[in-house]
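Structure incoming, see below.
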Amino acid sequence: MSTPRTALVRLVAGREISVKLRDKGFLASTAVFIAIIVLAVVVPVMLEGDTPEYTVAATGHAGAVAEVAVELGGAEVPGLPAADITVIGLEDPTAGAGGDPVDEAFLRGADAVLSSDPDGTVVITAQENVPGDLEELIAAASSAVTAQDVAVEAGLSADQLAALTSPPQPRIDLLDPKPSLPVPPELVIVIFGFLFYFTVLTFGASIAQSVVEEKTSRVVEILVAAVPVRWLLAGKVLGNAAMALGQVVLIVGAGLVGAQAIGEGDIVAQVLGVSGWFLAFFVLGFLMLACLWAVAGSLASRIEELQSTTLYMQLAVMAPFFSAILIRDEGPARVALSYFPLTAPLMMPARVATGDAAAWEPWVAMVIVSATAVLLIGVGARLYSGSVLNTSTRTRLGGAWAAGGRA
């Protein structure tokens, strides 16, 4: 059974949530983010597509080049594109019947015709253009056939030819190998970092704006008469925190559903492995800063003053974002920032994503951020209590702190 205070906080939080759900800007931004995440997952797979298929007609010496191109296209040779090549031999009895063999080859659906000059140069004939990957495969095949012909003339064995054309590659030994992941951890960090930055900045500015609007319209005086100031602040923060977390979960969930739908289960497993830490630190980071956003709004007496009262809050949101995406190499600075309360909400999950954090480190950082959040919530509540009812002039921090102590 809920207490009167709990009921009041829930009532204020419900009011904040209902206002957000009717906000067209909030709904539009959420829809746009979901679309961007889904497209970012689906479009690369769609662009990658299936292995291209080509039909090549060949005659004489060029036939050997075409056959080697078929092998190269299906062998997944590093540095060469993959392609499914079908060869039409122009020596076929049906080829060239009643006309030019080249024209007949194109009538049979050939994308290109291979022939050779008297000096052995392979000639590619096409109607309009030669696909780049097909040209690359034929060029590699022509070089391989030429090397083989030269080796035969020189009396080299097959092993000697292989040693010349395919020398053994250097062996790689890793002392501390990182697991092979379907998505670079740096990309995961940027995505979650941008979500944190955008969400905290958007909802924080919304909290500050709603507070100053309530002050300028004198609605806050009615609210405070019905609800104690601290519980009004608690409901406002919790309502916006619930909507912010819901938006992030919805966006991340849409991306995971899209990845699962196109068969990228490895991506889903990787993101799920780190998203829990990102979401946990997101909640703590949001609660740590949300009260201060409300204070920034309460210090202003009109909308025009928000730019100056929220300046430091904007910097506080930028700091973890830029730290996480710019400091990528593990070192003392990265480790220290992963424990510093302001940057830990992104830096510690980033270290988890890259596999640099020990199993116990996120828990320690979470305790530090939680303790800081409790401290800042207390400070924010006192400043908010001392400034929210001052609707005539801009409130200074010192005056808000002194007034809050008397509230």
**Fill in**
With sequence neighbours left out, the residues meeting ring pair (Phe, Tyr, Trp, His ring centres under 6.0 Å) with F192 are F278
**Prompt:** Are the side chains of S29 and Q247 in touch, meaning some heavy atoms are under 4.5 Å apart?
**Reply:** yes
**Item:** For A141 against A69, the heavy-atom pair lying closest together
**Value:** CB-N, 3.5 Å
**Prompt:** Considering all heavy atoms of both residues, which atom of L346 and which atom of A324 are nearest to each other, and what is their separation?
**Reply:** CB-CB, 4.0 Å
**Asked** Can I327 and L337 be said to form a side chain to side chain contact (heavy atoms under 4.5 Å, CB included), step by step?
**Response** CA-CA 10 Å; I327 305 178; L337 289 175; 3.4 Å; yes
**Request:** Rounded to the nearest 0.5 Å, what's the gap from CG on L287 to CG on L292? Could you check?
**Result:** 11.5 Å
**Message:** Suppose the criterion is ring pair (Phe, Tyr, Trp, His ring centres under 6.0 Å): which pairs have a residue in residues 289-343, not counting sequence neighbours?
**Reply:** Y197-F321
**Item:** S338: which of E361, R351, E330 passes side-chain hydrogen bond (donor to acceptor under 3.5 Å, both in side chains)
**Value:** R351
**Fill in**
Residue set satisfying side-chain hydrogen bond (donor to acceptor under 3.5 Å, both in side chains) with E135, at least two apart, ordered chain then number -> none
**Complete:** Output for pair (L375 CG, I377 CD1), nearest 0.5 Å, gives 9.5 Å
**Request:** Determine the minimum heavy-atom distance between I138 and V65, stating which atoms define it.
**Result:** O-CG1, 3.9 Å
**Request:** Test T125 against L114 for side chain to side chain contact (heavy atoms under 4.5 Å, CB included), laying out the working first.
**Result:** CA-CA 6 Å; T125 304; L114 301 187; over 6 Å; no
**Message:** For a side chain to side chain contact (heavy atoms under 4.5 Å, CB included) check, start with the C-alpha distance between D329 and R334, then their side-chain angles and the critical distance, and finish with the verdict.
**Reply:** CA-CA 7 Å; D329 297 330; R334 192 168 187 246; over 6 Å; no
**Request:** Report yes if the side chains of Q307 and Q314 come closer than 4.5 Å at any heavy-atom pair, otherwise no.
**Result:** yes
**Asked** Roughly how far apart are W363 CH2 and S370 OG, rounded to 0.5 Å?
**Response** 10.5 Å
**Message:** For F281 and W277, take the angle between the two ring planes, folded into 0 to 90°, and tell me which bin it lands in: parallel under 30, tilted 30 to 60, perpendicular over 60.
**Reply:** tilted
**Message:** In the structure I gave you, are the side-chain heavy atoms of F196 and P320 within less than 4.5 Å of one another anywhere?
**Reply:** yes
**Asked** Which heavy-atom pair separates S323 from A319 by the least distance, and what is that distance?
**Response** OG-O, 2.7 Å
**Asked** With sequence neighbours left out, what residues match R328 under side-chain hydrogen bond (donor to acceptor under 3.5 Å, both in side chains)?
**Response** none
**Item:** side-chain hydrogen bond (donor to acceptor under 3.5 Å, both in side chains) against E16, all qualifying residues, sequence neighbours excluded
**Value:** K236, N240
**Which residues share a side-chain hydrogen bond (donor to acceptor under 3.5 Å, both in side chains) with S308, sequence neighbours left out** = R394
**Fill in**
Across all chains, not counting sequence neighbours, the side chain to side chain contact (heavy atoms under 4.5 Å, CB included) partners of L311 are none
**Request:** Could you list the residues that satisfy side chain to side chain contact (heavy atoms under 4.5 Å, CB included) with A381, not counting sequence neighbours?
**Result:** R230, L233
**Prompt:** What pairs meet the salt bridge (charged side-chain N to carboxylate O under 4.0 Å, His left out) rule with one or both residues in residues 280-302, with sequence neighbours excluded?
**Reply:** R302-E304, R302-E305
**For the student: nearest non-hydrogen atoms of V212 and G297, plus distance** = CB-O, 3.8 Å
**Complete:** Shortest non-hydrogen pair, I189 vs A353, comes out as CG1-CB, 4.2 Å
**Request:** Using the test side chain to side chain contact (heavy atoms under 4.5 Å, CB included), find all partners of S298 that sit at least two apart in sequence or belong to another chain.
**Result:** V211, V295, Y384, S387, V388
**Message:** With rounding to the nearest 0.5 angstrom, report the CG to CG distance, L289 to L342.
**Reply:** 6.5 Å
**Request:** Enter the distance from L201:CG to T310:OG1 here, rounded to the nearest 0.5 Å.
**Result:** 8.5 Å
**Item:** Main-chain N/O of T55 paired to D111 side chain as donor or acceptor, under 3.5 Å
**Value:** yes
**Item:** Residues which pass side chain to side chain contact (heavy atoms under 4.5 Å, CB included) with L279, listed by chain and number, not counting sequence neighbours
**Value:** L245, V248, V249
Tabulate below the donor-acceptor pairs under 3.5 Å that side-chain atoms of residues 19-27 make, not counting sequence neighbours, or state none.
{"from": "K20", "atom 1": "NZ", "to": "S206", "atom 2": "OG", "distance (Å)": "2.9"}
{"from": "D23", "atom 1": "OD1", "to": "G25", "atom 2": "N", "distance (Å)": "3.0"}

**Request:** List the steps and the verdict of side chain to side chain contact (heavy atoms under 4.5 Å, CB included) for V87 and E67.
**Result:** CA-CA 7 Å; V87 179; E67 294 297 337; 4.0 Å; yes
**Request:** Examine distances only and state if a side-chain atom of T372 and a backbone atom of P341 form a donor-acceptor pair shorter than 3.5 Å.
**Result:** no
**Prompt:** Which distance, rounded to the nearest 0.5 Å, do you find between the CZ of F194 and the CD1 of I251?
**Reply:** 10.0 Å
